[in-house]
Novice: 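So that we are looking at the same thing, I have put the structure below in structure tokens.
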Amino acid sequence: MGYKPLCFGLTCILFAYYIYTPMPENIEEPWKVRIMDAAIKTASLMATILEKTGIKRFDELFSIIIKLDYTQPISDENVTVMDTTFSDIPVRLYLPKRKRESQRPAVIFIHGGAFVLGSYKQTPLDLLNRWTANKLDAVVVGVDLAPQYPFPVPYEDVVSVVKFFLQDKILAKYGVDPNRICISGDSSGGTLAAGVAQLVSCISYISVEC
Ligand SMILES: *[C@@H]1O[C@H](CO)[C@@H](O)[C@H](O)[C@H]1NC(C)=O
């Protein structure tokens, strides 16, 4: 056997070993999880190689991949969706279309991404915010952080958005009940949610870890 096929075979085996993850048996759709896990590991490996060779920073490759998954603010039959800014910070609003006599609750959602990545525009977060608005008949505010600025800028941005939203005239504009506002987030967004909720301790928070 030639040297090249042997190297290729060995590389394939090492790569398969690298991307293999043992899976608990009770997981629904284990293949989907395996494929996603393999894709993330492969991207991490590529990002590491790019960083070690000085071509790109680790997070830059992930930024490019994530941007491929950005959505536009598209309204559907239940929710009006729009991009705007609160205190110069980009936000995406999900406003339920259903008629309602009383004021609505509101959910502020902060995206994750290790403080350096991500956006409310990503498909899964757009679906989640839409689902929340529809299911809870709540106004949802997705906050965009500016990943190019290091911590504590993300925290300061979230504080600005929350303070802007909590103004009486803004809550009245969107028909929000000031006593039923929650702050949530996934991953690093959960950390920011916890931090901001402590600052404005009159409101409760949920943090989702992933
Ligand atoms: C709109 O709401 C109804 C009732 O909750 C649901 O069955 C339907 O799937 C929703 N439409 C969209 C596009 O989410």
Side-chain angles (χ1 to χ4, degrees), residues 26-37 39-40 62-87 89-113 117-147 154 157-158 161-162 164-166 169-194 196-197 203-210:
N26 56 355
I27 280 194
E28 273 180 48
E29 306 186 282
W31 278 105
K32 240 186 217 175
V33 179
R34 275 208 184 94
I35 289 168
M36 280 184 61
D37 189 62
I40 291 170
F62 277 91
S63 284
I64 294 168
I65 296 171
I66 285 173
K67 280 195 182 124
L68 297 176
D69 189 34
Y70 277 8
T71 54
Q72 295 297 321
I74 297 169
S75 302
D76 63 31
E77 66 204 80
N78 303 316
V79 187
T80 304
V81 183
M82 62 173 87
D83 283 352
T84 178
T85 57
F86 279 2
S87 185
I89 315 291
V91 293
R92 182 169 287 181
L93 301 179
Y94 298 80
L95 310 168
K97 286 182 177 169
R98 218 172 300 168
K99 285 235 175 326
R100 179 166 169 150
E101 299 300 319
S102 56
Q103 291 171 314
R104 288 196 155 83
V107 175
I108 299 170
F109 181 83
I110 307 159
H111 69 77
L117 287 172
S119 166
Y120 61 58
K121 298 187 188 110
Q122 288 167 256
T123 305
L125 301 184
D126 184 62
L127 290 175
L128 174 68
N129 287 337
R130 220 170 260 278
W131 185 86
T132 308
N134 198 21
K135 202 84 177 166
L136 302 183
D137 194 16
V139 169
V140 176
V141 182
V143 185
D144 227 14
L145 307 172
D157 283 358
V158 174
V161 167
V162 170
F164 182 92
F165 186 62
L166 292 183
K169 64 172 198 281
I170 299 298
L171 294 179
K173 179 173 170 186
Y174 297 108
V176 170
D177 179 349
N179 296 313
R180 293 172 69 204
I181 299 170
C182 113
I183 304 184
S184 66
D186 73 297
S187 199
S188 59
T191 309
L192 292 172
V196 177
I203 37 191
S204 54
Y205 68 88
I206 343 168
S207 152
V208 185
E209 268 311 318
C210 69

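This one's a predicted model, so the numbers in the text were calculated from it and none came from an experiment. Remember, it's 1-based here, ligands and their atoms both numbered in the order they're listed.
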Novice: Salt bridge (charged side-chain N to carboxylate O under 4.0 Å, His left out) between Asp83 and Lys121: does it pass, once the steps are laid out?
Specialist: CA-CA 10 Å; Asp83 283 352; Lys121 298 187 188 110; 5.6 Å; no
Novice: Please say which of Tyr120, Tyr94, Trp131 ends up in a side chain to side chain contact (heavy atoms under 4.5 Å, CB included) with Asp126.
Specialist: Tyr94
Novice: Measure the shortest side-chain to side-chain distance between Ile74 and Val81 over non-hydrogen atoms and say whether it is less than 4.5 angstrom.
Specialist: no
Novice: Measuring to protein heavy atoms, does anything land under 4.0 Å from atom 4 (C) of ligand 1?
Specialist: no
Novice: Measuring to protein heavy atoms, does anything land under 4.0 Å from atom 14 (O) of ligand 1?
Specialist: yes
Novice: What do we get for Arg130 next to ligand 1 when only non-hydrogen atoms under 4.0 Å count, side chain, backbone, both or neither?
Specialist: neither
Novice: Could you check whether any side-chain heavy atom of Phe86 comes within less than 4.5 Å of a side-chain heavy atom of Leu93, counting everything from C-beta outward?
Specialist: yes
Novice: Counting heavy atoms only, which of Asn78, Val79, Asn134 comes nearest to atom 10 (C) of ligand 1?
Specialist: Asn78
